[in-house]
Amino acid sequence: MKILELQKELQQLVIEAMGMLYIPGFRFVPTKKNRRRKELDRKITSMLKTIVDTKESMIRTGKTREDDLLGLLLQFNNENNSLNNINNSQMTKEDIIEECKQFYLAGHETTSSLLTWTLIVLAIHQDWQERARQEVLTVVREKNPDAEAISHLKIVTMILNEVLRLYPPVIALYKRAYKECKIGDLYIPAGLDLTLPIMLINRDTELWGDDAEEFKPERFAEGISHACKDPTQMAFMPFGWGPRTCIGQNFSMIEAKVALSMILKKFSFRLSPTYAHAPYTVMTLQPQHGAQIMFHPLN
Ligand code: HEM
């Protein structure tokens, strides 16, 4: 939890710095904020190093299994040689710590953004909230949602996809062409920086129809490939696409379905009158003034 808190603070400072006029070398000037950024990074790295060292020694003494992500990364390295004595295919301990940072950041904020917007949207669209609840009560019933039940949640999947379309946690992808290429009629020279504006694409009326701005989960009734007006267009990519597509895509959808099912089974919810709709980005898309939702326990 502490790591997530520190990362959140660091994220705010980085976003602030990115919004400022770019002066080469300014980030090395020891201003109060620059010093705090460095300190946060040092703290996060040191906490992760303790976790990695502890895990490494527990694996060595047989006190823990190796089948979680960190265990697998360490196992991969141990099979090759010891850490810090690397060949080309190995990772250093620093690499592993950086991977951990990436997973904390990429795995936490994104799914929580998806769940937050889903609750907001379902608090507004009571009809879809009720349809989702009825599906959960029929499919999941009394038990906790398991893999079998999750795979039968069609309405919930449609709702999550429609939320990912209207409120994608990652609103744009930034890529650099490493060699010149052509996409359709477009010539892309090597070294060009490209922005793929996911959120704008997701609301384009040419791709989604005149109702592109409306919440209509039924557009996903026949699956993702039929949701957009022209199925040949790559219009829906909240998790990116290609070799660098999101590694946590399936995991996050399962996580969101489990959490949403458990909430729908136990509570009905409405927007509080204090809620003000203002999507904005701090790395991920978030409601600027919070998500004030009133929950009522169901009998
Ligand atoms: C709703 C939830 C999520 C969304 C919308 C999301 C979105 C994305 C996007 C757009 C990318 C960039 C893909 C590209 O450049 O083409 C990405 C990459 C990545 N995501 Fe996710 N993500 C989510 C959840 C997760 C979770 C739960 C994890 C980990 C448990 C995760 C781990 C990663 C990692 C490690 C990468 C980098 C992959 C690479 O560069 O090879 N993400 N994600």
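All residue numbers refer to positions in the sequence shown, counting from 1. Given the structure is predicted, the values throughout are model-derived calculations rather than measurements. Atoms within each ligand, like the ligands themselves, are counted from 1 in listed order.
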Q.
Could you identify the single nearest non-hydrogen protein atom to atom 23 (C) of ligand 1 and state the distance to 0.1 Å?
A. T110 OG1, 3.4 Å

Q) Cut-off 3.5 Å, side chains only: do Q7 and E109 have a donor facing an acceptor? A) no

Q) What protein heavy atom is closest to atom 26 (C) of ligand 1, reported as residue, atom name and distance in Å? A) G107 CA, 3.4 Å

Q | Nearest-neighbour protein heavy atom for atom 36 (C) of ligand 1, which is reported as residue plus atom name and distance | A | Q102 NE2, 3.7 Å

Q) Regarding Q286 and Y280, is there a side-chain donor-to-acceptor distance under 3.5 Å anywhere? A) no

(Q) Which residue and atom name correspond to the protein heavy atom nearest atom 6 (C) of ligand 1, and how close is it? (A) F239 CD2, 3.6 Å

(Q) Side-chain heavy atoms nearer than 4.5 Å, only ILVMFWY residues, links allowed to pass through others: does that put F269 and M262 together? (A) yes

Q. Can you find a heavy atom in the side chain of C181 that is under 4.5 Å from one in the side chain of I188?
A. yes

**Q.** Atom CG of D210: over 12 foreign heavy atoms under 6.0 Å
**A.** no

Q. Are side-chain heavy atoms of N202 and P168 found at a separation under 4.5 Å?
A. yes

Q. Nearest to atom 30 (C) of ligand 1, what protein heavy atom do you find, and at what distance?
A. F103 CD2, 3.8 Å

Q) With Y167, which residues qualify under ring-ring contact (aromatic ring centres under 6.0 Å, His included), at least two apart? A) W117, H277

(Q) Taking 4.0 Å as the limit for heavy-atom contacts, which would you say applies to K175 with ligand 1: side chain only, backbone only, both, or neither? (A) side chain

Q. Which protein heavy atom lies closest to atom 41 (O) of ligand 1, and at what distance to 0.1 Å?
A. R244 NE, 2.8 Å

Q: Identify, for atom 20 (N) of ligand 1, the protein heavy atom at the shortest distance, and state residue, atom and that distance.
A: C246 SG, 3.2 Å

Q: Before accepting this row, confirm whether a basic side-chain N of the pair R131/D127 lies closer than 4.0 Å to the acidic partner's carboxylate O.
A: no

Q | Under 3.5 Å side-chain donor-acceptor pair for E130 and Q134 | A | yes

Q: For G240, take its heavy atoms, then give the atoms of ligand 1 lying under 4.0 Å from any of them.
A: 10 (C), 13 (C), 16 (O)

Q: Starting from atom 5 (C) of ligand 1, find the nearest protein heavy-atom neighbour and note its residue, name and distance.
A: P238 O, 3.5 Å

Q. Out of A106, P169, G242, whose heavy atom is nearest to atom 33 (C) of ligand 1?
A. A106

(Q) If the cut-off is 4.0 Å to any non-hydrogen atom of L173, which atoms of ligand 1 fall inside it? (A) 10 (C), 12 (C), 14 (C), 15 (O), 16 (O)

Q. Would K101 and T45 count as having a side-chain donor-acceptor pair, cut-off 3.5 Å?
A. yes

Q | Residue T111 vicinity, atoms of ligand 1 by number, heavy atom under 4.0 Å | A | 2 (C), 27 (C)

Q) Quick one: which ligand 1 atoms are inside 4.0 Å of a heavy atom on I247? A) 32 (C), 33 (C), 34 (C), 35 (C)

**Q.** Numbering as shown, the atoms of ligand 1 that approach W241 to under 4.0 Å (heavy-atom distance)
**A.** 16 (O)

